Peer 1: 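Dumping the structure here so I can ask a few things about it.
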Amino acid sequence: MSLSADALSRALAALAAGECIGLPTETVYGLAADAENPEAIRKVFARKGRPADHPLILHLGAVGWMERYARDIPAQAFDLAERFWPGPLTLVLERGAAVPLEATGGQDTVALRMPDHALALEVLRRFGRALVAPSANRFGGLSPTRAEHVREAFPDLIVLDGGPCRHGIESTILDLSREPPLILRPGAIPRHALETVIGKLPIAAEVPRPRVPGGLPRHYAPETPIRLLPREALSSTTGGSLVLAIGTLPEGLSGIALPNDPSAYAQRLYAALRELDRAGAASILVELPPNEPAWEAIQDRLRRAAATPDRAS
Ligand code: TXA
Ligand code: MG
């Protein structure tokens with residue numbers, strides 16, 4: 001990855017001036033702004049078209065920054081940060097005084113993570129403060145995994161090109177502000193990896209949970225209707241559809257086949273959905289992934305993408 005010193009200093013100057021930039025991370029690209037500047041945070045909401053009560057994730061340049069942005073931090077948070085940061089784990093903690101309410105949608109908890117991407121970390125360290133960074137797509141759209149996806153959504157934005165995102169699916173969000181802790185959004189770090197550090201986690205469906213935008217039924221969705229089907233059922237559907245298959249495309253069908261490995265599949269998922277969405281098919285038929293823990297985050301994103309529009313809010 002080569003990036004001119006000039007591009008970096010322009011990005012830093014924009015952040016210092018309270019503007020947004022496109023920031024690569026290991027999960028998806030973020031629409032980043034100064035997390036301590038309420039005016040800059042308002043610009044993020046305005047650009048995304050995101051309701052102001054939907055909280056943002058703060059991105060940190062070092063594990064030690066956690067204590068600036070959270071308070072009453074439980075020991076589990078330090079254990080998890082030591083094991084998984086930098087990396088795709090977001091921790092929800094009690095909000096520290098340095099965090100404006102604009103960033104948390106008025107809540108007294110805050111979501112923190114330290115991204116595992118060299119360019120993101122360089123920007124954070126040089127900026128010296130946390131950056132809010134929701135995925136750099138318009139509200140409800142597909143998350144961007146390449147710089148050009150961000151430029152398509154926001155043509156006038158300064159975008160740092162950090163190459164294709166390594167994970168391609170958003171961070172796992174773990175709420176440590178409640179007892180027992182709860183996974184609010186499955187993501188790039190699987191449940192069992194967290195459980196090796198803090199023990200068994202409850203399943204979200206069994207516990208009352210706060211309303212979060214990633215929790216809306218329809219999210220991460222392309223324009224073309226999506227249907228999730230078992231592999232055997234893909235071929236029996238009528239023409240005009242494109243297929244997103246696992247491993248190989250079934251005989252006689254057109255579309256895209258993604259690798260039969262959850263990490264490799266996730267890395268290419270959003271780009272594949274964009275490509276299929278663009279092809280102008282009547283619908284996109286998605287092969288149901290195996291019902292296995294390693295596919296949990298992918299299952300989650302596909303179910304949301306397939307949720308019918310009238311269930312959106
Ligand atoms: O991988 C990621 O997490 C990416 C990259 C850019 O870091 N970011 C991302 O941000 O996915 P966004 O804004 O698209 O999703 C943020 C999620 C939302 O579902 C939001 O509700 C949740 O984080 N969240 C933020 N603060 C929260 C809080 N205090 N309590 C509960 N959920 C929170
Ligand atoms: Mg998002």
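Only a predicted model underlies this, so the values are computations on that prediction, with no experimental measurement involved. Indexing begins at 1, ligand by ligand and atom by atom, following the structure's order.
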Peer 1: Would you tell me whether Ser171 and Arg185 have side-chain atoms, one donor and one acceptor, within less than 3.5 Å of each other?
Peer 2: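 Arg185 and Ser171 do have a side-chain donor-acceptor pair below 3.5 Å.
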Peer 1: Could you tell me whether ligand 1 has any atom less than 4.0 Å away from a heavy atom of Pro88?
Peer 2: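 No, Pro88 has no heavy atom closer than 4.0 Å to ligand 1.
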Peer 1: What are the atoms of ligand 1, with element, lying closer than 4.0 Å to any heavy atom of His59?
Peer 2: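 Checking each atom against His59, I get 5 (C), 6 (C), 7 (O).
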Peer 1: Look up atom CG in Leu194 and atom CG in Asp79, then write down how far apart they are to the nearest 0.5 Å.
Peer 2: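 CG of Asp79 is found 12.0 Å from CG of Leu194.
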Peer 1: Is the backbone N or O of Gly187 less than 3.5 Å from a side-chain atom of Thr172, with the two atoms forming a donor-acceptor pair by type?
Peer 2: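 Yes, the answer is positive, given that a donor and an acceptor are paired below the 3.5 Å cut-off.
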Peer 1: Decide yes or no on side chain to side chain contact (heavy atoms under 4.5 Å, CB included) for Leu31 and Ser135, but give the supporting numbers first.
Peer 2: CA-CA 6 Å; Leu31 183 63; Ser135 52; over 6 Å; no
Peer 1: Short list, please: which atoms of ligand 1 are under 4.0 Å from a heavy atom of Leu56?
Peer 2: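 Answer for ligand 1: 25 (C), 26 (N).
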Peer 1: Counting backbone and side-chain atoms alike, is an N, O or S atom of Ser135 positioned under 2.8 Å from the Mg ion (ligand 2)?
Peer 2: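 True for Ser135.
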Peer 1: Can you sort out which atoms of ligand 1 are near Arg113, meaning under 4.0 Å from one of its heavy atoms?
Peer 2: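 Selected atoms, number and element: 1 (O), 2 (C), 3 (O), 5 (C), 7 (O).
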Peer 1: Can you list the atoms of ligand 1 that are under 4.0 Å from a heavy atom of Ser171?
Peer 2: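 The atoms of ligand 1 under 4.0 Å from a heavy atom of Ser171 are 1 (O), 2 (C), 3 (O).
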Peer 1: Cut-off 3.5 Å, side chains only: do Thr224 and Arg278 have a donor facing an acceptor?
Peer 2: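 No - no donor-acceptor pair under 3.5 Å links their side chains.
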Peer 1: Take every heavy atom of Arg185, measure it against each atom of ligand 1, and state whether any distance is under 4.0 Å.
Peer 2: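 Yes, Arg185 has a heavy atom closer than 4.0 Å to ligand 1.
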Peer 1: Looking at every non-hydrogen atom in both residues, tell me the closest pair between Arg191 and Glu296 and how far apart they are.
Peer 2: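 Heavy atoms of Arg191 and Glu296 come nearest at NH2-OE2, 3.2 Å.
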Peer 1: Got an N/O contact under 3.5 Å between Gln107 and ligand 1?
Peer 2: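 No; every N/O pair is 3.5 Å or more apart.
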Peer 1: When rounded to the nearest 0.5 angstrom, what distance separates CG in Leu201 from CD1 in Ile183?
Peer 2: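 Leu201 atom CG to Ile183 atom CD1 measures 5.0 Å (nearest 0.5 Å).
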Peer 1: In terms of side-chain geometry, is the basic nitrogen of Arg151 or Asp156 positioned less than 4.0 Å from the acidic oxygen of its partner?
Peer 2: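 The answer is no: the pair does not qualify as a salt bridge.
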Peer 1: Taking the non-hydrogen atoms of Arg95, is any one of them nearer than 4.0 angstrom to ligand 1?
Peer 2: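 No.
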Peer 1: Name the option, out of Glu94, His54, Arg50, that contains the heavy atom nearest to atom 12 (P) of ligand 1.
Peer 2: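 Result: the heavy atom closest to atom 12 (P) of ligand 1 is in Arg50.
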Peer 1: What atoms of ligand 1 come within less than 4.0 Å of a heavy atom belonging to Thr109?
Peer 2: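 Taking each heavy atom of Thr109 in turn, ligand 1 has 28 (C), 29 (N), 30 (N) under 4.0 Å.
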Peer 1: Looking only at side-chain N and O atoms, does Ser241 offer a donor or acceptor that is under 3.5 Å from a partner on Ser283?
Peer 2: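 Note: Ser283 and Ser241 side chains meet the donor-acceptor criterion.
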Peer 1: Show the atoms of ligand 1 that are less than 4.0 angstrom away from any heavy atom in Ile173.
Peer 2: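 Close to Ile173: 17 (C), 22 (C), 23 (O).
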Peer 1: Can you tell me if Leu184 has a non-hydrogen atom under 4.0 Å from ligand 1?
Peer 2: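 Contact present.
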Peer 1: Where the closest heavy atom to atom 25 (C) of ligand 1 is concerned, which of Cys165, Pro55, Ala136 has it?
Peer 2: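 Residue with the shortest heavy-atom distance to the ligand atom: Pro55.
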Peer 1: Is it true that Arg68 and Glu36 have a side-chain N and a carboxylate O under 4.0 angstrom from each other?
Peer 2: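 Result for this pair is yes, salt bridge flagged.
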Peer 1: State whether a side-chain donor-acceptor pair under 3.5 Å links Ser143 with Arg301.
Peer 2: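 No - no donor-acceptor pair under 3.5 Å links their side chains.
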Peer 1: Which atoms of ligand 1 have any heavy atom of Ala133 under 4.0 Å away?
Peer 2: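 Counting from 1, the qualifying ligand atoms are 6 (C), 8 (N), 10 (O).
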Peer 1: Find all atoms of ligand 1 within a distance of less than 4.0 Å from any non-hydrogen atom belonging to Pro134, and give their numbers and elements.
Peer 2: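 Under 4.0 Å from Pro134, ligand 1 has these atoms: 10 (O), 12 (P), 13 (O).
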Peer 1: Please report whether ligand 1 has a polar contact with Lys48, defined as an N or O pair separated by less than 3.5 Å (distance criterion only).
Peer 2: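 For ligand 1, there is no N or O atom that lies under 3.5 Å from one belonging to Lys48.
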